[in-house]
Amino acid sequence: MSTVRTRFAPSPTGMLHVGGARTALFSYLEARRHGGQFILRVEDTDRERSTDAAVQAILDGMAWLGLEHDEGPFFQTQRFDRYRQVAHELLAAGKAYHCWMSKDELEAMRADQEARGLKPRYNGYWRDRKETPPAGVTPVIRFKNPLHGDVVVDDRVRGRVTFDNAELDDLIIWRSDDSPTYNFGVVVDDADMAITDVIRGDDHLNNTPRQMNIYAALGKPIPRFAHLPMILGPDGAKLSKRHGAVNVLGYREDGFLPAALLNYLVRLGWSHGDQEIFTMAEMIELFSADEVNHSASRFDVEKLRWLNQHYLKTLEPALIAPELRWHLARIGLDPHSGPAAEDLLIALRERVHTLAELAERARVWFDPLTQYDDTAVAKHLTAAARVPLQAAHTALAGVSAWSALAVHDALNAAAQSLGLGLGKVAQPLRVAITGTQVSPSIDHTVYLAGQREALKRIDAALAKLPA
RNA sequence: GCUCCCUUCGUCUAGCGGUCAGGACGUGGCCCUCUCAAGGCUAAAACACGAGUUCGAUUCUCGUAGGGAGCGCCA
């Protein structure tokens with residue numbers, strides 16, 4: 001069997017959204033699983049709506065996710081000569097024809113058809129007509145779709161879907177502005193690039209019979225198709241900005257890890273028994289387009305958040321640290337002036353779901369402590385806190401090699417010698433260090449402050465105590 | 001309107017004629033505990049509806065209802 005070749009072919013009219021990302025992921029996995037190639041192609045034939053910024057956004061999104069392509073990116077705008085050549089071959093072979101019907105005429109015809117409850121479509125007026133073309137109209141080129149018979153799509157996810165050629169019309173393959181249309185461009189590209197598996201959103205299922213007819217006219221082998229169900233918003237409506245981030249890079253800004261987003265996406269419409277957690281290696285080994293579900297699924301941020309925390313907790317801190325620094329810098333903290341990103345990760349990863357939250361919670365160890373929570377102070381910075389705080393100060397001042405473990409030992413010893421539970425020492429100390437009642441375990445909370453700053457904050461707290 | 005597609009807990013899903021309909025997220029409870037979490041245990045929670053096939057349907061067939069997509073000189 002020839003090698004598997006898949007492609008991801010977004011049109012650069014916006015950002016890389018989660019639906020596109022999943023399509024890309026599935027295509028990527030299918031190629032990797034078979035040791036084949038994954039190709040990136042930018043479908044920018046719509047010169048009106050395509051932008052360079054969108055191209056860059058898609059490239060950046062793919063790079064962030066780590067979905068590396070083996071070939072490309074190819075740009076359709078750079079292949080116009082090829083499309084033109086193929087269109088003219090079709091013309092010469094009598095498999096396509098010029099159509100001089102104006103846009104206005106077309107529109108009037110469609111309006112009339114709709115008024116009569118019919119499916120709006122081209123009536124084939126110029127298909128076999130030999131009359132003199134009207135002056136002042138630049139013709140388009142239409143494909144001669146077969147008039148009769150069925151087209152059967154053997155879809156890898158949908159199964160066997162049959163279309164009646166009588167339902168199809170002669171689609172335009174070449175515009176009057178001298179550019180190719182989508183349905184024509186994809187076929188030429190997929191054929192030229194020897195794509196074996198077309199994996200795309202199911203909004204393309206209805207285009208498939210037309211495309212198959214073009215393959216046939218071209219004498220090219222027809223690839224296998226897999227049409228993926230779409231991803232909806234939490235409310236079941238089409239995913240939009242209203243639902244939060246739709247742009248993949250927006251998830252980065254919200255503090256998600258690529259591993260989490262990828263893992264979440266792979267489980268949308270696909271599963272492997274009861275398994276929820278998949279490494280990239282496992283996805284590649286286990287994924288198959290043949291096992292994809294038929295129905296649309298909703299995007300559930302809560303589950304994504306759970307997965308993200310899972311990866312925060314299990315991935316090597318050193319691996320995540322660079323991404324955390326990116327977030328720290330993003331909220332105005334200098335990643336190199338405060339605690340190490342790795343230490344912050346260890347102390348906070350069980351308490352947050354995203355790196356954005358983590359960075360925000362890390363703020364207390366970067367900025368000077370000026371804000372104290374009133375309730376926390378009232379409850380814990382009482383006269384009774386004097387002795388424990390002083391003991392903590394003494395114990396911490398005596399630590400020679402500053403580490404979370406050393407802090408832990410020092411504090412426990414101090415509490416024990418006072419005959420107090422650790423809570424009696426930890427809570428006042430927690431308020432002293434953070435100004436609040438909530439923080440990571442007391443040893444990490446103190447450790448992250450650094451020895452000098454910790455002692456300084458205890459002194460400040462001691463000064464606030466009632467006499 | 002026409003064509004095509006879809007339908008299991010709130011959500012993601014397992015199931016492939018006989019199951020107490022399983023797991024996960026979320027939610028409630030309990031345990032653990034220096035706060036908050038994390039973790040462990042536990043509870044509630046689903047086969048859209050109606051026929052048919054069958055000894056037996058969540059599972060197969062057909063309808064109904066409800067959702068979605070397409071019908072562009074957009075992709």
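Chain A is the first sequence line, chain B the second, and so forth, proteins listed ahead of strands; every chain is numbered from 1.
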For this session: Could you encode protein contacts along nucleotides 3-9 of chain B as a string, one character per nucleotide from 5' to 3', using B for base contact, S for sugar-phosphate-only contact and - for no contact, with a heavy-atom cut-off of under 4.0 Å?
Result: BSSSS--

For this session: Treat primed atoms plus P, OP1 and OP2 as sugar-phosphate and everything else as base, then score nucleotides 41-47 of chain B 5' to 3': B for base contact with protein heavy atoms under 4.0 Å, S for sugar-phosphate contact only, - for none.
Result: -------

Among [options], which nucleotide has an atom closest to any side-chain atom of [X]?
X         : options                : answer
Ala426(A) : G68(B), A75(B), C34(B) : C34(B)
Gln427(A) : C34(B), A75(B), A14(B) : C34(B)
Lys303(A) : G1(B), A24(B), G22(B)  : A24(B)
Asp300(A) : G10(B), A38(B), C73(B) : G10(B)

Exercise. Among Lys144(A), Arg127(A), Arg121(A), whose side-chain hydrogen bond (donor to acceptor under 3.5 Å, both in side chains) with Asp170(A) holds?
Worked result: Arg127(A)

Span that lies between the [atom1] atom of [M] and that of [N], in whole angstrom:
N      : M      : atom1 : result
G50(B) : A65(B) : P     : 15 Å
C5(B)  : C60(B) : P     : 16 Å
G63(B) : U7(B)  : C1'   : 15 Å
U35(B) : C25(B) : P     : 24 Å
G66(B) : C30(B) : C1'   : 41 Å
G15(B) : U59(B) : C1'   : 8 Å
C41(B) : C32(B) : C1'   : 11 Å
G23(B) : U64(B) : P     : 37 Å

When all nucleic acid strands are considered with a 4.0 Å heavy-atom cut-off, which category describes [X]: base, sugar-phosphate, or nothing?
X         : result
Thr445(A) : nothing
Gln437(A) : base
Pro209(A) : nothing
His227(A) : nothing

Exercise. Can you tell if the side chain of Leu344(A) reaches within under 4.5 Å of the side chain of Trp365(A), non-hydrogen atoms only?
Worked result: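 Sidechains of Trp365(A) and Leu344(A): in contact.
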
For this session: Kindly indicate whether the side chain of Arg142(A), heavy atoms from C-beta on, has any atom under 4.5 Å from the side chain of Ile173(A).
Result: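 A side-chain contact under 4.5 Å is absent here.
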
Problem set entry | Pairs where residues 170-189 of chain A contributes a residue and the test ring-ring contact (aromatic ring centres under 6.0 Å, His included) is met, not counting sequence neighbours | Tyr182(A)-His204(A)

Problem set entry | Crowding at CG, Asp235(A) (>12 non-hydrogen neighbours, <6.0 Å) | yes

Check the phosphate of [N] against [X], side-chain N and O only, distance under 4.0 Å to OP1 or OP2. Yes or no?
X         : N      : answer
Arg110(A) : C73(B) : yes
Asn207(A) : A69(B) : no
Ser297(A) : U13(B) : yes

Problem set entry | Of all pairs that satisfy side-chain hydrogen bond (donor to acceptor under 3.5 Å, both in side chains), the ones with a partner from residues 7-22 of chain A, not counting sequence neighbours |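 Residue pairs with at least one partner in residues 7-22 of chain A: Arg7(A)-Asp190(A).
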
Exercise. side-chain hydrogen bond (donor to acceptor under 3.5 Å, both in side chains): which pairs involve residues 431-444 of chain A, sequence neighbours left out?
Worked result: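 Listed once each, the pairs are His380(A)-Gln437(A), His408(A)-Asp443(A), Arg430(A)-Ser439(A), Thr434(A)-Thr436(A), Ser439(A)-Thr445(A), Ser441(A)-Asp443(A), Ser441(A)-His444(A).
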
For this session: Is it possible for you to check whether Lys95(A) lies under 6.0 Å from the centre of the six-membered ring of Phe143(A), through NZ or CZ, and within 45° of that ring's axis?
Result: no

Problem set entry | Pairing residues for Asp343(A) by the side chain to side chain donor-acceptor pair (under 3.5 Å) criterion, not counting sequence neighbours | Tyr447(A)

Please state whether the base of [N] and the side chain of [X] form at least one donor-acceptor pair under 3.5 Å?
X         : N      : result
Ser439(A) : C36(B) : no
Arg121(A) : C71(B) : no
Glu276(A) : G23(B) : yes

In whole angstroms, how far is the [atom2] atom of [N] from the [atom1] atom of [X]?
X         : N      : atom1 : atom2 : result
Ile433(A) : C36(B) : CD1   : P     : 19 Å
Asp203(A) : C71(B) : CG    : P     : 10 Å
Leu389(A) : C34(B) : CG    : C1'   : 14 Å
Ile346(A) : A38(B) : CD1   : P     : 18 Å
Asp373(A) : C36(B) : CG    : C1'   : 13 Å
Leu348(A) : U35(B) : CG    : C1'   : 13 Å
Trp126(A) : C73(B) : CH2   : P     : 17 Å
Met109(A) : C73(B) : CE    : C1'   : 13 Å

For this session: Decide, yes or no, whether a salt bridge links Arg41(A) with Glu43(A) under the criterion of side-chain N to carboxylate O below 4.0 Å.
Result: yes

Problem set entry | Donor-acceptor pair between Asn145(A) and Asp169(A) side chains, under 3.5 angstrom |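 Judged by distance alone, the side chains do not pair up.
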
Problem set entry | Residue closer to the 5' end of RNA chain B, Ser441(A) versus Tyr122(A) (nearest nucleotide) |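 Counting from the 5' end, the first nearest nucleotide belongs to Ser441(A).
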
For this session: Please tell me which of Ile172(A) and Leu422(A) maps to the more 5' nucleotide of RNA chain B, matching each residue to the nucleotide holding its nearest heavy atom.
Result: Leu422(A)

For this session: State which residues pass side chain to side chain contact (heavy atoms under 4.5 Å, CB included) with Ala461(A); sequence neighbours excluded, sorted by chain then number.
Result: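 Ala461(A) satisfies side chain to side chain contact (heavy atoms under 4.5 Å, CB included) with Leu381(A), Leu389(A), Ala432(A) only.
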
For this session: Can you see which heavy atom on Ser271(A) is nearest to which on Glu291(A), and at what distance?
Result: O-OE1, 4.5 Å

Exercise. Where along residues 305-317 of chain A does a heavy atom come under 4.0 Å from RNA chain B, residue by residue in number order?
Worked result: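 Contacts with RNA chain B under 4.0 Å: Trp306(A), Gln309(A), Lys313(A).
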
For this session: Taking only heavy atoms on the protein side, list every residue of residues 264-273 of chain A lying under 4.0 Å from any atom of RNA chain B, sorted numerically.
Result: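 Only Arg267(A), Leu268(A), Gly269(A), Ser271(A) qualify.
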
For this session: Report the residues that fulfil ring pair (Phe, Tyr, Trp, His ring centres under 6.0 Å) with Tyr264(A), sequence neighbours left out, ordered by chain and then residue number.
Result: Phe299(A)

Exercise. Which residue pairs pass the salt bridge (Lys or Arg N to Asp or Glu O under 4.0 Å) test with at least one member in residues 76-87 of chain A, sequence neighbours excluded?
Worked result: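 Pairs touching residues 76-87 of chain A that pass the test: Arg79(A)-Asp189(A), Arg79(A)-Asp192(A), Asp81(A)-Arg84(A), Arg82(A)-Asp192(A), Arg84(A)-Asp178(A).
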
Exercise. Which salt bridge (Lys or Arg N to Asp or Glu O under 4.0 Å) pairs, counting each pair once, include a residue from residues 263-275 of chain A, with sequence neighbours left out?
Worked result: Arg267(A)-Glu276(A)

For this session: Specify whether Phe225(A) and Tyr215(A) have parallel, tilted or perpendicular ring planes, treating 30° as the upper limit for parallel and 60° as the lower limit for perpendicular.
Result: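 Rings of Phe225(A) and Tyr215(A): perpendicular, as their planes differ by over 60°.
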
